[in-house]
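These figures come from a predicted structure and were not determined experimentally. Here is how names work: the chains are called A, B, and so on, in the same order as the sequence lines, proteins then strands, and each is numbered from 1.
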Amino acid sequence: MPICDRYGRSVEEKWQEWWEKSGTYNFSESDASKPVYSIDTPPPFTSGELHMGHVLSYSYFDFVARYKRMRGYNVYYPQGWDCQGFPTEVKVESKYGRKPPKEFRQLCAKWTEEFIAKMRAQMKALGFSADWRYEYRTMDPSYHKKVQLSILEMHKKGLIYRSEHPVYWCTNCVSALAKTDTEDVSRETELHYVSFSLGGKPLLIATTRPELMHACVAVAYNPSDERYAKLGETKVETAFGKQVPLIPDSDVDKEFGTGVVMVCTFGDKQDIIWMYKHKLPVIRAIDEHGRLINTGEMGLDGLKCGEARAKILERLKAEGKLVKSAKIQQVVKVHDRCKKPVEFLLSMQWFAKITEKSEEIIDYAKKIKWTPSFGIQYLIDWARYVEWDWVISRQRVFGTPLPFWIDQKTGKAYPAEESELPFNPDLRPTKIGPDGQILHAESSTCDCWVDSSITPLVIGRWPEDKAFLSRVYPASLRPQGVEIVRTWAFYTIYRCSQLTSQAPFKEILLNGNVLAPDGKKMSKSLGNIISPDKLLTDYSADAIRQWAALSGAMAKDRPFSYQDMQYSKSFINKVVNAAKLVEKACADFDGSEAPRFSLRMVDRWILSRLSGIVSKATESFEGFQFHQAIKIVQDFFWHEFCDFYLEYAKHRIYQPEIYGHESKRAAQYAMRRVLLECCQLLAPITPHLSEEIWQSFRPGQSIHLSSWPESKSHEADPEAEEQVEFLNWVVSQARQHKADRKQPLNSEISHASISAPFPISDIEEEIHATARIKVINYALGSKSVSFA
RNA sequence: GGGCCCGUAGUGGAAUGGUUAACACGUCGCUCUCACACAGCGAAGAUUCGCGGUUCGAUCCCGCGCGGGCCCACCA
């Protein structure tokens with residue numbers, strides 16, 4: 001099969017079909033002879049399209065998978081899909097409107113399947129070598145079952161509990177949120193100075209949320225604040241005449257406002273901290289829709305916060321208790337999906353204990369090898385900062401049902417039986433409890449991180465297939481984005497270690513984000529999004545993959561670079577053309593012969609260089625330094641093999657009758673070997689290109705199942721490197737000489753005086769034939785050359 | 001406020017305690033030489049952010065400063 005004339009998508013598609021048909025990337029469950037390398041790949045959220053971040057990240061671990069396969073590992077590389085999530089609900093609702101839960105879930109699932117199909121096609125088009133027989137989807141009943149089982153296990157261990165607790169709450173979406181569902185927005189607001197009363201004298205407090213005053217349960221000051229430290233009073237009367245304790249607390253900022261703060265339940269996080277610290281009573285200030293409740297005599301129940309605030313300010317003003325109002329900049333948390341401010345609400349939710357496990361989680365994280373090593377710091381910082389347990393329940397529809405039965409009369413929860421899994425309230429909304437009472441299926445669903453934090457176990461067929469599990473778990477590698485260390489990595493380490501007493505993976509490889517070419521984040525609003533599909537058409541998958549490899553240091557954001565793409569495309573073109581030369585040159589050569597010919601100095605040189613390149617590239621792959629690996633091979637291939645070696649070989653190939661048939665064989669042997677071994681070194685990164693060339697020499701055998709090249713130390717040849725470096729220099733000088741005189745490169749130089757610190761008899765032929773120098777005057781001495 | 005990362009030719013970016021600091025894109029010449037003009041050959045372009053320190057020697061190690069970026073926390 002001759003090498004393609006022009007490399008492009010049709011070549012790539014040809015090989016993608018061939019690989020699929022041949023089962024090239026199949027994991028073997030029965031083969032015990034090879035060590036297993038298992039990859040806990042990230043299941044992308046099923047948004048319908050891969051973005052460049054996916055492309056970068058998925059390329060990275062595809063490089064690893066392919067490299068390990070060639071290193072003789074039995075690579076287990078499943079690919080899953082993270083299906084359930086708020087964005088899907090939003091999209092489906094906007095398309096179909098509100099529907100009953102059961103029907104809505106079905107619509108979400110159908111929608112998601114379409115998206116998966118699109119994304120899977122993109123992954124295949126990019127040449128990712130997943131074994132699709134092991135595909136999983138978090139929305140499948142079988143996946144639900146494992147999630148629910150893991151929840152029940154953790155419940156048995158006392159790690160999961162149901163409790164009334166303040167949670168981040170979106171009054172717009174009417175659901176509990178995790179902290180990671182929120183983001184910060186800076187805005188301008190008014191700070192109001194309100195007069196409270198302390199033993200008959202006014203005490204000024206400052207607040208941005210006077211509408212919560214009815215939930216004020218204390219007033220706090222900093223004990224080191226001289227203005228208030230010696231007050232001696234313990235009770236304060238609020239502007240509405242309620243007696244509350246006056247408490248000292250060092251968290252109070254002396255500089256802000258008046259240095260005195262009213263503590264409410266629950267204006268913000270600090271209020272909750274104080275509430276717990278000082279064991280303050282709880283007054284529910286607002287309901288789940290963001291309307292005031294429990295305002296008592298104030299009569300403001302049912303009003304939205306904004307309306308209530310206006311009314312209260314009016315009232316305070318009338319009573320002369322509003323001293324002043326000032327504009328300030330404020331950072332508020334908003335729900336990342338709907339951008340509405342987040343409230344704290346006391347709510348019955350399910351929790352997983354993490355605060356008391358944080359050090360244990362860190363210990364497990366330390367058993368994992370992090371690349372880059374500083375990545376673990378993100379997890380440690382996060383784990384040590386965790387203040388509350390993880391709210392694992394969401395008031396959502398398209399999600400994994402929490403496997404519990406609730407007695408609505410007593411509020412008691414009963415875990416589902418294992419035989420009831422997958423637990424599905426659609427199929428069985430109620431049952432009779434142990435005491436004959438009616439139990440209702442819990443209607444909350446799991447936070448999607450609950451689903452994704454057991455991927456290493458799910459792909460390991462936990463818990464039923466212990467033999468399989470022990471082969472692939474802990475996973476050899478967890479690749480993921482650096483921005484989800486505190487979620488995906490953190491929760492996975494936590495959950496899996498609690499369930500198995502083992503860290504879930506041996507190594508973790510972190511990647512950064514792809515920025516737009518201008519260095520900004522890619523976003524729809526900026527219109528700077530780059531679509532992988534477009535790049536695929538314009539440049540090819542292997543060019544995109546080279547861009548990913550070139551994108552450099554790990555866990556660092558990188559602007560997208562069209563220059564790298566262009567260079568990658570040119571490199572592919574170069575390789576194809578060089579391969580065509582070698583293919584033609586080796587038409588009469590059986591490559592399997594041993595190198596029994598007498599190699600010329602230039603052959604020894606290129607093989608010596610090759611052995612160095614193989615060892616450097618191998619080292620780079622071992623350390624996940626793909627930019628280094630690709631660069632080393634590219635530079636060698638282009639600037640040593642193509643620019644010099646192939647030029648040195650041409651006269652021997654084309655004119656064996658002059659230069660000798662043995663010499664031709666030696667050149668054929670060397671060029672073929674360098675070409676094929678370079679293709680192998682490139683195979684993890686440019687799998688299609690490498691396969692195209694490899695199979696033109698070895699039809700029917702995939703390069704991806706070939707053994708990684710060995711660095712042959714006996715071929716290291718300092719003498720050849722020294723002499724040929726000199727030769728290269730002489731040739732460059734000759735080229736420069738011709739360029740200066742505007743002569744074509746194939747013009748002849750009649751005479752050259754050359755001196756070298758060694759005899760040049762072994763490279764003289766190349767000086768004649770490649771530099772086209774007719775007569776050489778040689779003298780032993782320091783390096784020099786002149787032409788006449 | 002805390003943690004982390006970074007500052008190298010016009011641009012993007014490697015590498016290194018020690019001779020002229022890669023490579024690519026871009027620029028400027030020359031060449032369509034039988035693999036390749038998606039090319040070849042050549043040229044120009046860098047006080048490796050600043051200041052100190054360690055060292056025989058620093059772009060690299062340390063400190064400070066200046067300037068970017070990411071994550072986290074955050075004041076009622």
Side-chain angles (χ1 to χ4, degrees), chain A residues 3 5-7 179 184 189 191-192 205-210 212 216 219-220 251-264 267-271 274 328-333 372 374-382 384-387 482-483 485-486 512-513 515 517 519 521 539 543 550-585 625 627-628 631-632 634-635 638-639 642-643 646-647 650 654 731-747 772:
Chain A
I3 296 168
D5 279 331
R6 203 152 204 73
Y7 183 86
K179 191 158 65 168
D184 294 341
T189 190
L191 181 65
H192 306 285
I205 62 110
T207 179
T208 55
R209 302 201 64 183
L212 297 178
C216 176
V219 168
D251 283 351
V252 178
D253 185 345
K254 291 185 275 187
E255 307 300 321
F256 190 89
T258 60
V260 182
V261 55
M262 75 170 185
V263 181
C264 301
D268 64 43
K269 206 183 89 181
Q270 187 63 50
D271 286 317
W274 281 327
I328 56 160
Q329 275 304 118
Q330 177 195 39
V331 175
V332 289
K333 281 206 183 302
F374 64 78
I376 194 174
Q377 202 56 41
Y378 292 110
L379 182 134
I380 292 174
D381 288 350
W382 178 254
R384 299 226 160 110
Y385 261 115
V386 165
E387 285 159 311
V482 68
E483 75 282 2
V485 166
R486 66 202 172 94
N513 281 312
L515 305 173
K521 272 193 179 161
Y539 295 91
L550 284 167
S551 279
M554 224 64 60
K556 200 176 144 185
D557 290 353
R558 265 308 177 46
F560 177 79
S561 160
Y562 280 105
Q563 288 152 354
D564 283 351
M565 285 300 302
Q566 191 48 54
Y567 175 70
S568 302
K569 196 178 169 185
S570 305
F571 180 71
I572 290 171
N573 184 250
K574 190 75 187 173
V575 174
V576 167
N577 281 300
K580 279 199 278 199
L581 170 67
V582 176
E583 183 184 41
K584 227 189 291 173
Q625 301 295 314
H627 63 291
Q628 217 166 283
K631 208 65 207 152
I632 287 163
Q634 284 174 336
D635 286 349
W638 201 321
H639 301 299
C642 291
D643 290 351
L646 289 179
E647 296 303 322
K650 279 178 181 173
Y654 295 139
V731 169
S732 291
Q733 294 298 306
R735 284 167 175 168
Q736 204 168 324
H737 178 80
K738 291 172 191 176
D740 290 347
R741 282 159 187 70
K742 308 192 181 211
Q743 293 167 348
L745 281 174
N746 61 350
S747 65
R772 309 238 175 186

Trainee: Base, sugar-phosphate or nothing for A/Q566? Non-hydrogen atoms, less than 4.0 Å.
Mentor: nothing

Trainee: Determine the Euclidean distance between corresponding C1' atoms of B/C60 and B/U8; express it in Å to zero decimal places.
Mentor: 11 Å

Trainee: Of all the choices, B/A76, B/C4, B/A73, which nucleotide is nearest to the side chain of A/Q377 once you look at every atom?
Mentor: B/C4

Trainee: Under a 3.5 Å limit for both distances, which nucleotide forms a Watson-Crick or G-U wobble pair with B/C23, could you say?
Mentor: B/G12

Trainee: Just name whichever nucleotide pairs with B/U33, Watson-Crick or G-U, keeping both distances under 3.5 Å, else none.
Mentor: none

Trainee: Without decimals, in angstroms, what is the distance between A/D564 CG and B/G13 P?
Mentor: 9 Å

Trainee: What is the distance from CZ of A/R735 to P of B/C41, rounded to the nearest Å?
Mentor: 5 Å

Trainee: B/A22 and B/G63: how far apart are their P atoms, nearest whole angstrom?
Mentor: 29 Å

Trainee: Can you figure out which of B/A43, B/A76, B/C38 approaches the side chain of A/I328 most closely?
Mentor: B/A76

Trainee: Return the minimal non-hydrogen interatomic distance between A/G375 and A/V485, and the atom names on each side.
Mentor: O-CG1, 4.3 Å

Trainee: Would you classify A/E255 as touching base, sugar-phosphate or nothing, given that sugar-phosphate means primed atoms plus P, OP1 and OP2, and contacts are heavy atoms under 4.0 Å?
Mentor: nothing

Trainee: Using a cut-off of 4.0 Å on non-hydrogen atoms, how would the nucleic acid contact of A/E647 be classed: base, sugar-phosphate, or nothing?
Mentor: base

Trainee: Would you tell me if any nitrogen or oxygen in the side chain of A/W274 comes within less than 4.0 Å of OP1 or OP2 on B/A76?
Mentor: no

Trainee: Determine the contact category for A/Y562: base if any of its heavy atoms lies under 4.0 Å from a base atom, sugar-phosphate if only primed atoms, P, OP1 or OP2 are that close, otherwise nothing.
Mentor: nothing

Trainee: Determine the interatomic distance between C1' on B/C71 and the same-named atom on B/G65; round to the nearest Å.
Mentor: 24 Å

Trainee: Say you pick atom P in B/A43 and the same atom in B/C62; how far apart are they, in whole Å?
Mentor: 37 Å

Trainee: Distance check needed: B/U11 P versus A/L515 CG, whole Å only.
Mentor: 17 Å

Trainee: Looking across every strand, which nucleic acid part, if any, lies under 4.0 Å from A/D253 by heavy atom: base, sugar-phosphate, or nothing?
Mentor: base

Trainee: Rounded to whole angstroms, how far apart are CZ on A/F374 and C1' on B/C71?
Mentor: 11 Å

Trainee: Atom NZ of A/K569 and atom P of B/C36: how far apart are they, to the nearest Å?
Mentor: 18 Å

Trainee: Determine which nucleotide pairs with B/A46, using a 3.5 Å limit on both distances of a Watson-Crick or G-U wobble pair.
Mentor: none

Trainee: Check every strand shown and say whether A/D643 touches a base, only sugar-phosphate, or nothing at a heavy-atom separation below 4.0 Å.
Mentor: sugar-phosphate

Trainee: Looking at every strand, decide which applies to A/C642 at a 4.0 Å heavy-atom threshold: base, sugar-phosphate, or nothing.
Mentor: base

Trainee: For A/R772 and A/K631, find the nucleotide of RNA chain B closest to each by heavy atoms; which residue's nucleotide sits nearer the 5' end?
Mentor: A/K631

Trainee: Can you tell me the Watson-Crick or wobble partner of B/C70, both distances under 3.5 angstrom?
Mentor: B/G3

Trainee: In terms of side-chain heavy atoms of A/Q563, which of B/A76, B/A35, B/U11 is nearest?
Mentor: B/U11

Trainee: When you measure from the side chain of A/D381, which nucleotide among B/A35, B/G13, B/G3 comes out closest?
Mentor: B/G3

Trainee: Assess whether side-chain contact (heavy atoms from CB on, under 4.5 Å) is satisfied between A/N577 and A/L581, documenting all intermediate values.
Mentor: CA-CA 6 Å; A/N577 281 300; A/L581 170 67; over 6 Å; no

Trainee: In whole angstrom, give me the gap between the C1' atoms of B/U27 and B/G45.
Mentor: 9 Å

Trainee: Hey, which of A/Y562, A/Y539, A/W638 is the one that makes ring pair (Phe, Tyr, Trp, His ring centres under 6.0 Å) with A/Y567?
Mentor: A/W638

Trainee: Classify the nucleic acid contact of A/S732 as base, sugar-phosphate or nothing, counting any heavy atom under 4.0 Å across all strands shown.
Mentor: sugar-phosphate

Trainee: Are OP1 or OP2 of B/G26 and a side-chain N or O of A/Y567 less than 4.0 angstrom apart?
Mentor: no

Trainee: Nearest heavy-atom pair of A/T189 and A/Q330: which atoms, and what distance?
Mentor: CG2-OE1, 3.2 Å

Trainee: B/C23, OP1 or OP2 - any side-chain N/O from A/Q634 closer than 4.0 Å?
Mentor: no

Trainee: Could you state the atom-to-atom distance from OH of A/Y539 to C1' of B/C38 in whole Å?
Mentor: 11 Å

Trainee: Under 4.0 angstrom, heavy atoms only, what part of the nucleic acid is A/S561 near: base, sugar-phosphate, or nothing?
Mentor: nothing

Trainee: Tell me which of A/V331 and A/S570 sits closer to the 5' end of RNA chain B, going by the nucleotide each one is nearest to.
Mentor: A/S570

Trainee: Take A/V252 and A/W274, measure what side-chain contact (heavy atoms from CB on, under 4.5 Å) needs, and give me the verdict at the end.
Mentor: CA-CA 10 Å; A/V252 178; A/W274 281 327; 3.8 Å; yes

Trainee: Rounded to the nearest Å, what distance is computed from the NZ atom of residue A/K269 to the P atom of nucleotide B/C75?
Mentor: 8 Å

Trainee: What is the base-pairing partner of B/G17, counting Watson-Crick and G-U wobble geometry with both distances under 3.5 Å?
Mentor: none

Trainee: Scan every strand shown for a Watson-Crick or G-U wobble partner of B/U59, both distances under 3.5 Å, and answer none if you come up empty.
Mentor: none

Trainee: Looking at every heavy atom in both A/D271 and A/V263, which two are closest together, and how far apart are they?
Mentor: OD1-CA, 3.6 Å

Trainee: Say we look at B/A21 and B/A9: how far apart would their P atoms be, to the nearest angstrom?
Mentor: 14 Å

Trainee: Using the C1' atoms only, state how far B/C66 lies from B/C74, rounded to an integer number of Å.
Mentor: 26 Å

Trainee: By the 4.0 Å heavy-atom rule, please label A/Q330 as base, sugar-phosphate, or nothing.
Mentor: sugar-phosphate

Trainee: Closer than 4.0 Å, any side-chain N/O of A/H639 to the OP1 or OP2 of B/A24?
Mentor: yes

Trainee: Do A/R209 and A/D268 have side-chain heavy atoms sitting under 4.5 Å apart?
Mentor: no

Trainee: Does the side chain of A/D643 come under 3.5 Å of the side chain of A/H639 through a donor N or O and an acceptor N or O?
Mentor: yes

Trainee: Using a heavy-atom cut-off of under 4.0 Å over every strand shown, decide if A/Q270 touches base, sugar-phosphate, or nothing.
Mentor: nothing

Trainee: Please name the pair of heavy atoms, one in A/S747 and one in A/K738, separated by the smallest distance, quoted to 0.1 Å.
Mentor: O-NZ, 3.0 Å

Trainee: B/U11 and B/G3: how far apart are their P atoms, nearest whole angstrom?
Mentor: 32 Å

Trainee: Could you state the NZ-P distance from A/K650 to B/G40, rounded to the nearest angstrom?
Mentor: 11 Å

